[in-house]
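Here's the structure, in structure tokens; my notes come after.
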Amino acid sequence: MRLSQYFLPLLKETPKEAQIASHRLMLRAGMVQQSSAGIYSWLPLGKRVLDKIENIVREEQNRAGALEILMPTIQPAELWQESGRYDDYGAEMLRIVDRHDRNMLYGPTNEEQITDIFRAHVRSYKALPLNMYHIQWKFRDEVRPRFGIMRGREFLMKDAYSFDLDGDKARAAYNRMFVSYLKTFARMGLTAIPMEADTGPIGGDMSHEFIILAETGESGVFFHKDWMNINLDADIDYNTDLQPFVDKFTSLYARADDMHDPENCPVPSDDLMSLRGIEIGHIFYFGTKYSETMGATVSGPDGKPVPVHMGSYGIGVSRLVGGIIEASHDDKGIIWPDAVAPFGVAIINLKPGDAICDAQADQLYQQFDNAGLEPLLDDRNDRPGAKMASMDLIGIPWQIVVGPRGMEHNMVELKRRKTGETAEMSPDSAVTKILNG
RNA sequence: CGGAGCGUAGCGCAGCCUGGUAGCGCACUAUACUGGGGGUGUAGGGGUCGUGGGUUCAAAUCCCGCCGCUCCGACCA
């Protein structure tokens with residue numbers, strides 16, 4: 001992409017409403033524009049990041065055996081009346097009446113919808129296990145939206161729903177999602193710690209919030225210090241028993257403040273980390289709550305009808321954009337992890353119109369483009385300082401500066417955004433270095 | 001939903017108290033110089049002062065209503 005042909009409305013000054021880093025930087029970097037309280041338009045740069053995150057989530061869900069579907073944003077009230085949640089949900093549910101006077105709602109989640117799909121088509125236990133997910137916009141009419149995209153009213157979420165014959169098999173489904181979440185977040189450059197969460201009326205130990213560490217996190221988190229050294233690189237075969245792997249992770253203490261009791265904490269205070277975090281995912285098993293009320297049963301091996309055991313697994317896709325920024329930025333701007341960066345490399349042509357600089361910048365652009373690295377070429381006629389500050393702000397992982405001074409002896413400057421390190425080298429060396437990570 | 005604020009040019013703000021020609025910085029347009037970390041000069045464009053009503057000879061300014069947005073708290077992916 002050439003910057004001269006792009007839409008990147010950068011702000012030099014911070015809009016006063018933005019208090020936390022991610023909100024401030026997303027506005028300044030021209031990623032989003034607020035439409036109304038807690039509702040945002042995604043501009044080209046923001047949309048690119050959102051798509052990157054969404055695709056990582058999608059790939060890992062598919063890898064774990066979940067099947068992608070797409071359910072509607074607008075749902076009929078009848079389904080929610082069946083489950084009893086139409087009355088329970090309260091004012092956070094946005095209710096809509098259509099022209100025929102039918103009660104509809106903008107979905108805050110999709111348990112009812114998926115259960116309706118399941119019960120319409122699945123009759124036998126032989127069709128199990130089944131796990132289906134979608135990535136869809138949701139709406140919760142928060143009393144007080146805040147922190148920009150992090151706690152908006154409209155948000156993009158991945159939610160998966162598993163169906164199994166009994167609780168043991170449901171645990172296997174739960175474990176697959178547990179593991180896939182660790183892998184998903186690791187791919188985004190995040191350390192996400194699964195924390196025991198309240199299981200509500202179901203009880204048991206099958207609910208975890210996945211929380212990333214960030215100073216501005218909304219909840220306090222407490223965990224064993226060994227969490228900081230855990231290696232997630234293990235290659236996972238989802239067809240094997242994942243319990244030992246899950247046990248390895250859940251054996252270490254980790255709880256958010258609502259579940260943490262300082263009086264009865266098993267971790268000695270010297271080993272206990274107390275930091276802040278942002279919830280980016282939540283998985284839980286809820287048994288037959290919806291299958292019983294909504295009649296989602298299958299014939300078991302003995303021919304008798306059995307309500308299926310379900311679990312649901314959410315990832316806040318749009319929230320992750322803000323979460324990653326909270327976890328990765330400095331006073332100059334965003335520092336995107338490579339996997340979610342909107343562009344892989346920025347080429348700064350310091351002197352557009354100069355034949356040599358133009359030719360070199362174009363050549364680099366072609367090389368990176370061919371390599372699938374999604375280069376962004378700054379070909380605007382602007383001050384050098386302004387260009388560099390822009391690229392720092394939008395956080396492109398690599399920057400290559402092509403200028404007349406360097407080109408006199410065939411050198412460009414390569415900068416790594418994360419470390420701030422710069423080095424002069426030949427254009428070819430720069431390409432090699434970037435392509436090799 | 002309790003408490004507290006704020007709405008004046010695209011963004012950040014002053015002006016309001018004490019009513020009398022709507023301002024500043026950045027951004028934008030043109031132009032010249034400049035050019036390796038957010039340059040300088042010159043000349044420009046852009047505002048029904050959130051909105052409706054009231055008071056007044058006169059309202060951005062005073063009074064009342066409404067709308068929108070933000071912050072703290074309670075609540076939440």
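Letters go in sequence order (proteins before strands), and every chain restarts at 1. These numbers come from a predicted model, not from an experiment.
Across the C1' atoms, B/U8 and B/G47 are found 8 Å apart, a figure rounded to whole Å. Comparing the C1' positions of B/C49 and B/U61 gives a spacing of 10 Å, expressed to the nearest Å. For the P atoms, the distance from B/G68 to B/C28 is 34 Å, rounded to whole Å.
Two residues, A/Pro145 and A/Arg319, neighbour RNA chain B, and the one matched to the more 5' nucleotide by heavy-atom proximity is A/Pro145. Judged by closest nucleotide on RNA chain B, A/Leu393 is the one of A/Glu279 and A/Leu393 placed further toward the 5' end.
Nearest to the side-chain atoms of A/Arg144 among the listed nucleotides B/G35, B/G36, B/C72 stands B/C72. For A/Arg151, whose side chain is taken as the heavy atoms from C-beta onward, the closest listed nucleotide among B/G38, B/A77, B/C71 is B/A77. The side chain of A/Val143 lies closest to B/C1, out of B/A77, B/C1, B/G37. Taking the side chain of A/Asp392 as heavy atoms from C-beta on, and the options B/A77, B/G36, B/G37, the nearest nucleotide is B/G37. Among B/C69, B/G37, B/G35, the nucleotide with an atom closest to any side-chain atom of A/Lys415 is B/G37.
Base pairing annotation: B/G65 forms a Watson-Crick or G-U wobble pair with B/U51, both donor-acceptor distances under 3.5 Å. Pairing for B/C13 goes to B/G23, judged as Watson-Crick or G-U wobble with the two contacts each under 3.5 Å. A 3.5 Å limit on both hydrogen-bonding distances identifies no Watson-Crick or G-U partner for B/A77. The nucleotide B/G2 finds its pairing partner in B/C72, both defining distances of the Watson-Crick or G-U wobble pair being shorter than 3.5 Å.
Residues A/Met132 and A/Asn110 fail the side-chain proximity criterion, which asks for heavy atoms closer than 4.5 Å.
For residues 62-94 of chain A, every residue pair satisfying the ring pair (Phe, Tyr, Trp, His ring centres under 6.0 Å) rule, not counting sequence neighbours, is listed here: A/Trp80-A/Tyr89.
A sub-4.0 Å separation between OP1 or OP2 of B/C76 and a side-chain N or O of A/Arg153 is absent. Look at A/Arg383 and you won't find any side-chain N or O under 4.0 angstrom from OP1 or OP2 of B/G38. The side chain of A/Gln34 contributes an N or O atom lying less than 4.0 Å from OP1 or OP2 of B/U70.
For B/G35, its base never sits under 3.5 Å from the side chain of A/Asp382 at any donor and acceptor pair.
Among the heavy atoms of the strands lying under 4.0 Å from A/Glu218 is at least one base atom, whether or not backbone atoms are also near. Looking at heavy-atom distances under 4.0 Å, A/Ser318 makes no contact with the nucleic acid at all.
The side chain to side chain contact (heavy atoms under 4.5 Å, CB included) test with A/Leu25 singles out one residue from A/Ile394, A/Thr14, A/Ile325, and that residue is A/Ile325.
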A/Tyr253 and A/His224: CA distance, side-chain angles, deciding distance, ring pair (Phe, Tyr, Trp, His ring centres under 6.0 Å) verdict: CA-CA 5 Å; A/Tyr253 187 85; A/His224 195 285; 8.9 Å; no
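Between the CZ atom of A/Arg146 and the P atom of B/G68 there is a distance of 19 Å, given to the nearest Å. Atom CD of A/Glu111 and atom C1' of B/A77 are 12 Å apart (whole Å). Rounded to an integer number of Å, the gap from A/Arg405 CZ to B/U34 P is 16 Å. Rounded to whole Å, the distance from CZ on A/Phe147 to C1' on B/U70 is 12 Å.
Under the 4.0 Å criterion applied to side-chain N and carboxylate O atoms, A/Asp141 and A/Arg153 are assigned as salt-bridge partners.
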Protein-to-nucleotide contact annotation, 5' to 3' order, nucleotides 4-13 of chain B [B base; S sugar-phosphate only; - none; under 4.0 Å, heavy atom]: --S----BSS
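Taking a 6.0 Å sphere around NZ of A/Lys47, one finds it holds 12 or fewer heavy atoms contributed by other residues, nucleotides or ligands.
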